[in-house]
Amino acid sequence: MDAHDTAAFRKHIRQYIGVFVALLVATVLTVAVSYVHFGAEDSHVGNVTVALIIAALKAALVAGFFMHLVSEKRSIYTMLATTGVFFVALIALTVFSFFDSPGSHDALTHPRAAEEAVTHGH
Amino acid sequence: LYNAKVGIWLFLASEVMLFGALFSSYILLRIGSPDWLYGSEKHLNVPIGTFNTAVLITSSITMVMAWASLKLRDFDKYKLYLGLTVLLGLVFMVVKGFEYRDKFAHGLFPATHTFYAIYFTLTGLHALHVLGGMAMNAYLWGPGSKMWRTDPERLTNRVEVSGLFWHFVDLVWIFLFPVLYLL
C-alpha cells in the first residue's frame, strides 16, 4: 500500500467511525420512540413499522460499510439478491398461510367463537 | 474476489434463511397468540438490552479496525483491536448470562409462555453465534496471528472473513433487540 492508498484508506477509517456514531444514535432513537405510541390506540402496527424502519437503516449501515457491500463484486450482489427473494418469500408465505387457513385465525384469536362455530356446524 | 469471501457470503446467505425461519415463526406466534406479552409484561430489562446492543456495535467497529490495521501494516494495533473485539463479545455473553439467570430465578422458562419459547430460541441461537465468532477471533488473535510473518495478505483476508461473520451476528441482534425487548 503506497502513500496515496494509505491516505485513501484512512478516509475509509473516518467513515467507519461516522457509521459507529450513527449506529449508537440510532440505538438510542429506537429505545426513545418505543415509549411513543404510533397509529391506532389498540394497534401495535405503527410502532412495529417505525422500529423495523430504524432497524433496517442500522442494518444497511452495518452491511454497507462494515461488511463493505457499498463496493463489492457483482457476483456477491447476485447471491444476496437471490437470498433476499427467498427470505421475503419465506416470510410472506408464512403470513399468507396463517390468514389462508379456514378457521385457524378464529381458533387462535377467538377460541370460544371458533368452538361455537364448530358446535353449530358452521 | 477470493474464494473464502465467496464461501462466507454463501454461508451467511444460509444463515439469513435460518434466522428468517425463526423470525417468521415469531411473526406467526405473535399474530396467532390470544395473550401475547407486551412492554413490562415480558419482564425484560430494556436498559440492559440497550447496553448489550451498544456493546455489540462497539465490537463491530473494533473488528473492522482490526482488519484496517492489518491493511495499514500495523500488527500491534491489529492485536489490540481484535483483542478488544473478543473481550466485548465476552461482555455481551456475561450480560446475557445474567439476564438468563434472572429469568430462571423468577420461574420464567421457555415452557412458561409462547413469548419466552421464541425469546430463548432466538437469543440462544444468537448467543451460540457470538460464541462461534469469539472462538474464531480468539484463534486469529492468538495462534492464527503467526501467519503475519509468513503470509500477511492471507491473514488479512482471514480477518476480513471472520469480520463478515461477526458483523452479521451484530446485524441479527439489531433486529432481535427491538423485536424482543421493545415491541
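Side chains included, hydrogens not; waters and symmetry mates left out as well; all remaining heavy atoms used. Chain A is the first sequence line, chain B the second, and so forth, proteins listed ahead of strands; every chain is numbered from 1. Bear in mind that the values here come from a model prediction, so they are computed numbers and not experimental data.
Only the side chain of S34(A) comes within less than 4.5 Å of a heavy atom of chain B; its backbone N, CA, C and O stay farther away. When heavy atoms are compared at a cutoff of 4.5 Å, F65(A) does not approach chain B at all. Residue M79(A) touches chain B through its side chain alone, counting heavy-atom pairs closer than 4.5 Å. Only the side chain of S75(A) comes within contact range of chain B, with at least one heavy atom under 4.5 Å from a heavy atom of that chain. Of the atoms belonging to A63(A), heavy atoms from both backbone and side chain fall under 4.5 Å from chain B. For L23(A), the parts lying under 4.5 angstrom from a heavy atom of chain B are both the backbone and the side chain.
For D35(B), the CG atom is densely surrounded, since the number of other residues' heavy atoms within 6.0 Å is greater than 12.
At a heavy-atom cut-off of under 4.5 Å, chain A is reached by no residue from residues 112-138 of chain B. Annotation: residues 141-173 of chain B contacts chain A through E160(B), L164(B), H167(B), F168(B), D170(B), L171(B) [non-hydrogen atoms, separation under 4.5 Å]. Within residues 54-61 of chain A, the residues having any heavy atom under 4.5 Å from a heavy atom of chain B are, by residue number, A55(A), A56(A), K58(A), A59(A). Along residues 175-183 of chain B, the residues that come nearer than 4.5 angstrom to chain A, judged on non-hydrogen atoms, are F175(B), F177(B), P178(B), V179(B), L182(B), L183(B) in order of number.
Side chain of S14(B) to main chain of F11(B): a donor-acceptor pair is present (N/O by atom type, distance under 3.5 Å, no hydrogens or angles).
Grouping the Ile, Leu, Val, Met, Phe, Trp and Tyr side chains by contacts below 4.5 angstrom, directly or via other members, places I53(A) apart from V31(A). Under the 4.5 Å side-chain contact rule for hydrophobic residues, F99(A) and L90(A) share a cluster.
Between the OH atom in Y16(A) and the NE2 atom in H68(A) there is a gap of 3.5 Å [rounded to 0.5 Å].
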